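Chain A is the first sequence line, chain B the second, and so forth, proteins listed ahead of strands; every chain is numbered from 1. Small disclaimer: the values here were computed from a predicted structure and weren't measured.
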Protein chains: 2
Amino acid sequence: MKPAPDLILQQLEPHAVRIATRKRQKIALTGEPDETLYLVRKGLFLARASMPHARHQIMSILYPGDCVRSAAMPPLDGSEITAATESGEVWRVRWSAAKTAMETDPNLARYVSDRVANQTARLALHNAIIAGLTGEERVAALITELVLRIGKQTPAGFVFDMPLSRTDIAEHLALNADTVSRIVSRMRAKGLIAVAGRNRLVCRSIEMLESECPLATTLERMHGTAVRQPLPAI
Amino acid sequence: MKPAPDLILQQLEPHAVRIATRKRQKIALTGEPDETLYLVRKGLFLARASMPHARHQIMSILYPGDCVRSAAMPPLDGSEITAATESGEVWRVRWSAAKTAMETDPNLARYVSDRVANQTARLALHNAIIAGLTGEERVAALITELVLRIGKQTPAGFVFDMPLSRTDIAEHLALNADTVSRIVSRMRAKGLIAVAGRNRLVCRSIEMLESECPLATTLERMHGTAVRQPLPAI
DNA sequence: CATCCAAATTGATCCAGGTCAACACTCTCG
DNA sequence: CGAGAGTGTTGACCTGGATCAATTTGGATG
């Protein structure tokens, strides 16, 4: 029987700087001489990097339980983590402290390395989505992921607050913000999704949504279990 | 003073199945019930996955020293590793054995987890390349990477044997094989590269090549050190 | 309430790259 | 030697999504 993730992470608490965040708050990753470990404890975050020519990209969406080593981010300028939900919490741990703790407790070492592996798999999947799907399929994939992760089942269907703006979606899916807006409108017209107030989305039928996206079964396997147990099996 | 990577990996040898490969040989990753660790010891390999509709994708290029946990690959059908050079060697280690060894020697645990982190960073960079660059810039980025990794300096410039076919390049860069052929022809016409026999490329000036690719400095940082020291600092 | 500003929508136009098809090159095998 | 298969090249054409521009929406603020 493995210890619960929370218990494992407890050991890092004395070494961690807790950062309570509000929506859109940024945590810069560049300019740090030493490696750092970030633990997402609460809320959703976007790992963002700048490209030359003032272009930005959202490399991945981070969920509670994720941990990010700065070594797992490529040396791009302006790397940062942005809070995507109203309130969130991140722990920042100096790598030297994390390393010591990991050498003391193999469970912690395993937790961190498994989490990094999981992040790698998600990146690879995201690669496949960007590289192989059409715009509409990409948006369907993103909404499917969010439904699986943060959707709440109600009589009207799965409801969630959209944590990404149109621009964020565009930066994440390698699309244009205008195009994203068009696609979302089209999906609304098709009845795949509906809006319920500012930034709140309703998905009546997840099956309909998944039928729009060729990689739905993989998404289900990568994000679906997260609905039932907050942190994927480790 | 850290032990040399070879020395660290030596511990895994008794638990490893050595696989000697010839070009195009495939190692299937799917269908394995347990997690597995693969260590690339010699040669170049391509991590490939199938998409629905019989589409394939090359998620990443693996170099000697890389290690791949199967948990770091998304659950896509037909995941496999393909040998891209004439002769190569891969070690396959059962995860349970690897885990025990890693718990015994923190150096090994660190090595593996650092390698996975490095692979994550490369995936994220590749994401940025696919998502943000034009076809021509993508090809320039790939050739820059290969020059940095396997290019040999000669009086005529940097020379290397192209390990990827046109189709491979297309599958890696999210382009069409026809388009790749066109782009390569254009680059040849511009003098960025030249062919020297079957599958052998010459790059007269790496500066010219890098000036074609907005992410050249990042590539240099991720792959450039590898030229000087076979395994990136860990 | 009116004003302001950022984000979203929508229309019109354009082009990089996809698609399809014809053809060339290399290698292997009989 | 020729036939066949696999891979690469090149041309003609088409389309998904980028770009540019105009307009709308929805908060925030005084």
query: Could you walk me through whether A/D178 and A/R166 pass the salt bridge (Lys or Arg N to Asp or Glu O under 4.0 Å) check?
result: CA-CA 8 Å; A/D178 302 356; A/R166 292 284 176 274; over 6 Å; no
field: Intermediate values then yes/no, salt bridge (Lys or Arg N to Asp or Glu O under 4.0 Å), A/R94 and A/D34
entry: CA-CA 8 Å; A/R94 281 179 38 237; A/D34 298 330; 5.3 Å; no
task: Go through A/R22 and A/E86 one step at a time and tell me if the salt bridge (Lys or Arg N to Asp or Glu O under 4.0 Å) criterion holds.
output: CA-CA 5 Å; A/R22 278 175 304 176; A/E86 284 310 329; over 6 Å; no
Pick out the pairs of N or O atoms, protein on one side and nucleotides 15-19 of chain C on the other, that lie under 3.5 Å.
{"from": "C/dG17", "atom 1": "OP1", "to": "B/G135", "atom 2": "N", "distance (Å)": "2.5"}
{"from": "C/dG18", "atom 1": "OP1", "to": "B/N176", "atom 2": "N", "distance (Å)": "3.4"}
{"from": "C/dG18", "atom 1": "OP2", "to": "B/N176", "atom 2": "N", "distance (Å)": "3.1"}
{"from": "C/dG18", "atom 1": "OP2", "to": "B/T179", "atom 2": "OG1", "distance (Å)": "2.6"}
{"from": "C/dT19", "atom 1": "O4", "to": "B/R182", "atom 2": "NH2", "distance (Å)": "3.0"}

All N/O pairs under 3.5 Å across the protein-nucleotides 23-29 of chain D interface:
{"from": "D/dG27", "atom 1": "OP1", "to": "A/R198", "atom 2": "NE", "distance (Å)": "3.3"}

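Applying the ring-ring contact (aromatic ring centres under 6.0 Å, His included) definition to pairs two or more places apart or across chains, those involving residues 168-189 of chain A are A/H126-A/H172. Screening residues 201-217 of chain B for salt bridge (charged side-chain N to carboxylate O under 4.0 Å, His left out) gives B/K190-B/E212 as the qualifying pairs, with residues at least two apart or on separate chains. The salt bridge (charged side-chain N to carboxylate O under 4.0 Å, His left out) analysis of residues 37-47 of chain A, with sequence neighbours excluded, yields the pairs A/D6-A/R41.
With a 6.0 Å cutoff to the six-membered ring centre and a 45° limit on the axis angle, A/R149 counts as a cation-pi contact of A/Y63.
For the atom pair CZ (B/R24) and CG (B/L46), the distance works out to 9.0 Å, reported to the nearest 0.5 Å. Atom OG1 of A/T134 is separated from atom CD1 of A/I129 by 11.5 Å, given to the nearest 0.5 angstrom. Within the model, atoms SG of B/C213 and CG of B/L192 stand 11.5 Å from one another, a figure rounded to the nearest 0.5 Å.
The interatomic distance linking B/R24 (CZ) with D/dA5 (P) rounds to 18 Å, in whole Å. Rounded to whole angstrom, the span from the CD atom of B/E171 across to the P atom of D/dG8 amounts to 11 Å. D/dT9 atom P lies 13 Å from atom CE of B/M187, rounded to whole Å. The CG atom of B/D168 sits 9 Å away from the P atom of D/dT7 (whole-angstrom rounding). Following rounding to the nearest Å, A/M162 (CE) and C/dA7 (P) show an atom-to-atom distance of 15 Å.
Ion pairing between A/K152 and A/D161 fails under the 4.0 Å rule for side-chain N and carboxylate O.
The bend of the helix from C/dC1-D/dG30 to C/dG30-D/dC1, defined by the angle between the axes of its first five and last five pairs, stands at 30° to the nearest 10°.
Taking 4.0 angstrom as the limit, B/S185 places a side-chain polar atom (N or O) nearer than this to OP1 or OP2 of D/dT10.
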